[in-house]
Every structure is written in structure tokens, then in C-alpha cells.
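Here it is, the structure in full.
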Amino acid sequence: MPLRLIFMGTPEFAVPTLLELVAHGHEIAAVYTRAAKPAGRGMKLQMSPVEQEARRLGIAVATPATLKTQDALEEFRARQADAAVVVAYGMILPQAVLDAPKLGCFNLHASLLPRWRGAAPINRAIMAGDSETGVMVMKMDAGLDTGDIAMAERIAITEAMTAADLHDALATLGGDLMVRAIGALERGMLQFRPQASGGVSYAAKIDKAETRIDWNRPARDVLRHIHGLSPFPGAWCEMTLEGAVQRVKILRCEIAGGAGAPGELLDDRLMVACQQGALRIVELQRAGKQPMKTEEFLRGTPIKPPARFS
């Protein structure tokens with residue numbers, strides 16, 4: 001029999017998992033998500049991607065400010081769920097909530113645990129130069145991404161991948177993985193193993209202070225830094241455009257065959273020297289403008305050596 005589930009998630013990353021669970025016939029008793037926030041130029045309240053999808057599907061939505069009160073716990077218990085599925089919900093679940101569903105609470109995490117526990121595993125995996133990452137289904141406990149692992153899928157991280165590219169690939173992979181895990185849970189066949197005790201690392205939230213590009217690093221390190229922050233919050237540098245120093249986000253780049261002083265522009269097609277090697281900028285974004293390919297950018301803003309980026 002399909003399970004009765006509570007789904008808990010907020011961003012776009014969680015949507016494929018919700019859709020997969022619905023498509024496979026599981027009953028979603030309620031969707032828990034973060035409350036709508038002001039956004040955009042008009043600062044109108046904007047529902048989370050998960051709430052938008054839940055309302056389209058006609059599923060009940062709850063947006064509690066906390067799960068730590070007795071009222072919140074009683075409301076959660078009253079859903080009478082067999083299990084809860086949690087995907088980037090953005091709120092800590094107290095032990096009493098974790099204990100409420102009879103089969104437990106199951107989290108989809110976007111890393112190969114215990115590497116990159118925490119808030120920004122996709123960004124950190126790229127920025128650290130990892131060759132692979134993945135998604136894991138974990139039975140939740142009170143720790144930070146410390147629960148026993150049920151199932152996993154791996155994916156290679158290529159030099160061309162940005163955080164957005166990897167996000168989308170893992171979101172799709174994760175939806176498929178979670179629906180298989182819940183299917184095994186339904187049949188009483190889901191098995192668990194403890195996380196490894198070694199290799200623990202933490203994916204701290206991205207700080208604005210680490211978004212500036214440092215051309216005094218090897219080209220491959222600079223590429224991973226840029227791609228790990230693309231498109232948000234975006235790695236940036238400064239360049240002189242139209243007679244003024246301006247901040248520009250670099251969104252996508254590739255390794256190029258050049259050499260020079262770090263930050264030196266090496267040709268008229270945005271090849272920039274690093275401490276070792278060089279990068280060619282493929283996509284960038286000026287402040288207040290839309291992202292654009294290098295060719296489009298150069299048509300409106302020619303920039304040639306001996307220009308420098310800092």
C-alpha cells in the first residue's frame with residue numbers, strides 16, 4: 001500500500017522529489033515549507049517553489065514559524081503520517097517531531113556523507129575541486145546530517161559544471177532516489193548503515209567575503225571558485241569599463257592556453273591570466289544587467305589588453 005507522507009521542503013531543489021512521490025501514488029498528508037517572503041522590486045510576498053507546486057496539486061500546506069511548540073507538535077502528529085520526507089526544508093526538526101511518524105523521517109542530502117554535512121554542499125563540492133558528489137537518503141536523527149544512510153547515487157563533477165548545473169542534476173537524481181527509498185520502506189526492505197567516522201567535513205553557508213576572485217591562484221582553482229558560486233551569489237572581480245572601475249560577476253569560464261601576470265587580460269576575447277595558466281571567460285554579468293555571453297558583452301563593451309582585472 002502507498003504510504004501516507006508529510007513532505008517538508010522549500011526551494012526548487014525539493015520540487016522533483018515531491019513530484020516523484022505524488023506520481024508514484026503516495027498520499028501527501030501535508031506539505032510543510034517556509035512561509036512566503038517579500039521578493040522582487042515590488043517586495044510582494046512570494047511563496048516558496050514547494051508551496052507553489054503543492055497548491056497547484058491541491059495539497060494542504062503548513063508554514064509554521066517553529067516546530068518547537070506543543071501546538072506545532074500536536075498538529076504534526078494529527079497528520080497521522082507513516083513517514084516524513086525532508087528535502088532542504090530549512091528548519092531544524094526537534095526530536096519529538098522526528099519521533100512522530102511511525103516509520104521515521106527521511107532526508108535527501110546533496111552530498112556523499114559524511115563529506116559536506118550542512119548548508120551548502122553543492123557549492124562546497126565544486127569549490128573544493130571534488131571529482132564527484134551525489135545524493136543520499138538518510139534516516140534523520142538529532143544531529144546535523146549525522147543519521148544512518150539508506151541509499152546513495154553518485155555523479156561526476158566536470159570542469160564545465162556550475163553550481164546551477166550540478167543543482168539541477170542532483171535534484172532530478174534525488175527525486176528518483178527518494179521514491180525508490182520510500183518504495184523499499186513501504187515493502188519493509190529499506191536497510192541502513194552508519195555513516196563513516198572519517199572524512200567528515202562541513203559545508204558552511206557561503207559568505208560574501210569569499211566571493212571575490214583571486215587571480216593569484218592556479219587557473220583550475222579559480223575556475224572551481226567561479227563555477228561553485230554561479231549563478232548565486234556569484235564570484236566577482238573589478239575591471240575598468242567606460243572609464244570607471246566596475247564590479248562584474250563571472251558566471252562561467254574554461255581553461256585556456258595562456259600565461260601572464262595574474263589578472264592580466266591576454267587577448268581581446270577575455271582570456272585572463274592566473275597565477276598558473278589562464279581562463280577564458282564564457283559568461284558574465286555587469287551590475288544591474290542580465291547575464292550575457294562573452295561575445296554579446298564584447299559587442300557592447302570592447303575591452304582589450306593591457307587591461308587588468310582585480
Hits for ring-ring contact (aromatic ring centres under 6.0 Å, His included) against F13, two or more places apart or cross-chain, chain-then-number order -> H167
Point to revise | Residues D130 and W116: side-chain donor-acceptor under 3.5 angstrom | key: yes
Does either side chain, that of T33 or that of S48, offer a donor lying less than 3.5 Å from an acceptor on the other one?
yes
message = Between D99 and R77, does any side-chain N to carboxylate O distance fall below 4.0 Å?
response = no
**Item:** Within 6.0 angstrom of I92 CD1, more than 12 heavy atoms from elsewhere
**Value:** no
In short, P16 meets A171 closest at the heavy-atom pair CB-O, 3.5 Å
**Prompt:** Does the side chain of R217 pick up a donor-acceptor pair with the side chain of Q276 at under 3.5 Å?
**Reply:** no
So ring-ring contact (aromatic ring centres under 6.0 Å, His included) across residues 200-220, not counting sequence neighbours, yields none
Practice item. Mark yes when over 12 heavy atoms from residues, nucleotides or ligands other than E132 sit less than 6.0 Å from its CD; otherwise mark no. Key: yes
More than 12 foreign heavy atoms under 6.0 Å from CZ of F192: is that the case here?
-> yes
Hits for ring-ring contact (aromatic ring centres under 6.0 Å, His included) against Y32, two or more places apart or cross-chain, chain-then-number order -> F76
Practice problem: Flag the pair R299 and E296 as a salt bridge only when some basic side-chain nitrogen lies within less than 4.0 angstrom of an acidic carboxylate oxygen. | Solution: no
Sorted by chain and residue number, the ring-ring contact (aromatic ring centres under 6.0 Å, His included) partners of H26 (sequence neighbours excluded) come out as none
### Query
Is E74 atom CD crowded by more than 12 heavy atoms from other residues, nucleotides or ligands, each under 6.0 Å away?
yes
Quick note, ring-ring contact (aromatic ring centres under 6.0 Å, His included) partners involving residues 239-279, not counting sequence neighbours, are none
- Item | Carboxylate-amine/guanidinium contact K249 E238, below 4.0 Å | no
| task | Give a yes-or-no answer on whether the side chains of R286 and T301 include a donor-acceptor pair shorter than 3.5 Å. | result | yes
**OP:** Kindly check if the number of other-residue, nucleotide or ligand heavy atoms within 6.0 Å of CZ (R212) is above 12?
**Re:** yes
| Do any N or O atoms from the side chain of T162 and from the backbone of D165 form a donor-acceptor pair under 3.5 angstrom? | yes
Side chains of R4 and Q80: any donor to acceptor distance under 3.5 Å? no
Residues pairing under ring-ring contact (aromatic ring centres under 6.0 Å, His included) where one sits in residues 127-148, two or more places apart or in two chains, turn out to be none
